[in-house]
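Note that the structure is a prediction, hence the values are computed from the model and not measured.
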Amino acid sequence: EYHCFRADSLFRLPNGDYRTGRDLTPGTRIHAVQGGFWDSYTIVTASRVFTDEEHDFVGIYTESSWLIVTASHRVWVRRRNRTPCDMVARDIRIGDHVYISGYRVEMVTSVSLFKENNDILSICFNPDLTVEAFAPLAPTILSKGRSPPSRQQRGRNMLRNAGWNCDNQ
């Protein structure tokens, strides 16, 4: 069984940049949590992308975050005694508490199990620390900001700012 991320997942580097899983190579440093603080990094020691295969995935959802990984992937959860531990993704249930970005804890509100033909990334870190894997950015609808004032409006604004009354009467 694979303990994998989707290959298009984004990982944060210590300098704040992001890199897709498929672009990680041995020696790459990844932002990680150690001792409850995002003050560390871990190093990729091995990675492999598997393509053109159907895999069992789990979607785990909280109020403000979500994660999709293979069913056997390890996820960081908080036990009832408030200590962190790893749990296999397929075993996570609604009501469990998971750690999210910023070392915050949220309750799982939904879990979905599904099969999908998607490239996956098997990766090893040293030391074996917890990392953030972000969903890839999706294409977006293009938009603009507020329209700049017309040349005529800019002229009126300059006169108003100089104390002139430019309103039609």
Side-chain angles (χ1 to χ4, degrees), residues 1-79 82-92 96-145:
E1 270 188 295
Y2 299 113
H3 309 281
C4 300
F5 297 96
R6 285 180 161 180
D8 58 358
S9 296
L10 298 172
F11 294 85
R12 189 163 43 134
L13 307 178
N15 68 1
D17 290 345
Y18 292 85
R19 188 172 294 171
T20 65
R22 72 174 69 253
D23 294 328
L24 296 177
T25 57
T28 304
R29 293 174 183 226
I30 302 297
H31 200 236
V33 66
Q34 184 173 24
F37 300 99
W38 289 102
D39 60 354
S40 191
Y41 63 87
T42 186
I43 298 173
V44 174
T45 58
S47 65
R48 180 175 175 196
V49 175
F50 296 90
T51 59
D52 297 324
E53 297 177 35
E54 186 175 79
H55 302 281
D56 293 326
F57 285 92
V58 176
I60 303 164
Y61 305 87
T62 70
E63 183 180 324
S64 67
S65 64
W66 55 278
L67 175 70
I68 296 176
V69 289
T70 56
S72 58
H73 191 88
R74 298 180 303 153
V75 177
W76 216 30
V77 300
R78 185 179 75 184
R79 294 181 183 163
R82 299 192 174 275
T83 59
C85 71
D86 296 338
M87 182 181 282
V88 176
R90 80 165 66 80
D91 295 336
I92 292 178
D96 287 340
H97 289 83
V98 294
Y99 287 88
I100 66 166
S101 296
Y103 199 66
R104 297 187 327 263
V105 175
E106 285 190 356
M107 185 174 68
V108 174
T109 57
S110 176
V111 177
S112 62
L113 302 160
F114 58 95
K115 290 186 178 292
E116 185 175 78
N117 189 343
N118 202 321
D119 294 351
I120 59 172
L121 170 72
S122 180
I123 192 165
C124 296
F125 299 114
N126 184 22
D128 184 28
L129 299 177
T130 301
V131 300
E132 293 173 295
F134 296 90
L137 296 175
T140 185
I141 296 171
L142 302 179
S143 65
K144 291 183 167 184

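Counting heavy atoms from C-beta on, the side chains of Leu121 and Arg22 never come closer than 4.5 Å. With contacts defined as side-chain heavy-atom distances shorter than 4.5 Å, the pair Ile30/Leu13 qualifies. Between Ile92 and Val58, the closest side-chain pair of non-hydrogen atoms is not below 4.5 Å. Using a 4.5 Å heavy-atom threshold, the side chains of Met87 and Asp96 count as touching. In this structure the side chain of Ser110 never reaches within 4.5 angstrom of the side chain of Trp66, judged on heavy atoms. Using a 4.5 Å heavy-atom cutoff, the side chains of Tyr103 and Thr130 are not in contact. Between Asp8 and Asp119, every side-chain heavy-atom pair lies at or beyond the 4.5 Å cut-off.
Minimum interatomic distance between Pro26 and Ala46 (heavy atoms only, all atoms of both residues): CG-CA, 4.5 Å. Residues Val88 and Ala71 share a closest heavy-atom pair of CG1-O, 3.2 Å. Counting all heavy atoms, side chain and backbone alike, Ala133 lies closest to Leu67 at O-CD1, 4.2 Å. The nearest pair of heavy atoms linking Glu106 to Glu63 is OE1-N, 3.4 Å. Across all their heavy atoms, Tyr99 and Arg82 have their closest contact at OH-O, 4.1 Å. Residue Ile60 comes nearest to Ala89 through the heavy atom pair CD1-CB, 4.2 Å, listed as atom of the first residue, atom of the second, then distance.
One distance of note links OG1 of Thr70 with CD1 of Ile120; it measures 6.0 Å at 0.5 Å rounding. Here the straight-line distance linking atom CD1 of Ile68 with atom OG of Ser112 works out to 6.5 Å at 0.5 Å rounding. Here NE2 of His31 is found 8.5 Å from OG of Ser40. Values are rounded to the nearest 0.5 Å. Taking CD of Glu132 as the reference point, atom CG of Leu10 lies at 11.5 Å (rounded to 0.5 Å).
The side-chain contact (heavy atoms from CB on, under 4.5 Å) check on Ile43 picks up Arg29, Tyr41, with sequence neighbours excluded. Legend: residues meeting side chain to side chain donor-acceptor pair (under 3.5 Å) with Ser47, ordered by chain and number and at least two apart, are absent. Residues forming a side chain to side chain donor-acceptor pair (under 3.5 Å) with Arg104 (at least two apart in sequence, or on another chain): none. Remark: Asp86 pairs with Arg74 by the side chain to side chain donor-acceptor pair (under 3.5 Å) rule, at least two apart or across chains. Annotation: ring-ring contact (aromatic ring centres under 6.0 Å, His included) contacts of Phe5 (sequence neighbours excluded): Phe11, His73. Not counting sequence neighbours, Asn126 has no partner by the side chain to side chain donor-acceptor pair (under 3.5 Å) test.
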Is there a side-chain contact (heavy atoms from CB on, under 4.5 Å) between Val44 and Phe125 once you walk through the steps? CA-CA 5 Å; Val44 174; Phe125 299 114; 3.9 Å; yes
Chi angles and distances behind the side-chain contact (heavy atoms from CB on, under 4.5 Å) call for Arg90, Asp56: CA-CA 9 Å; Arg90 80 165 66 80; Asp56 293 326; 6.0 Å; no
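A donor-acceptor pair is defined here as one N or O able to donate and one able to accept, closer than 3.5 Å; no such pair exists between the side chain of Ser122 and the backbone of Arg48.
More than 12 non-hydrogen atoms from other residues, nucleotides or ligands lie less than 6.0 angstrom from CD of Glu54.
Only one option out of Asn118, Leu113, Val69 pairs with Phe57 in a side-chain contact (heavy atoms from CB on, under 4.5 Å); it is Asn118.
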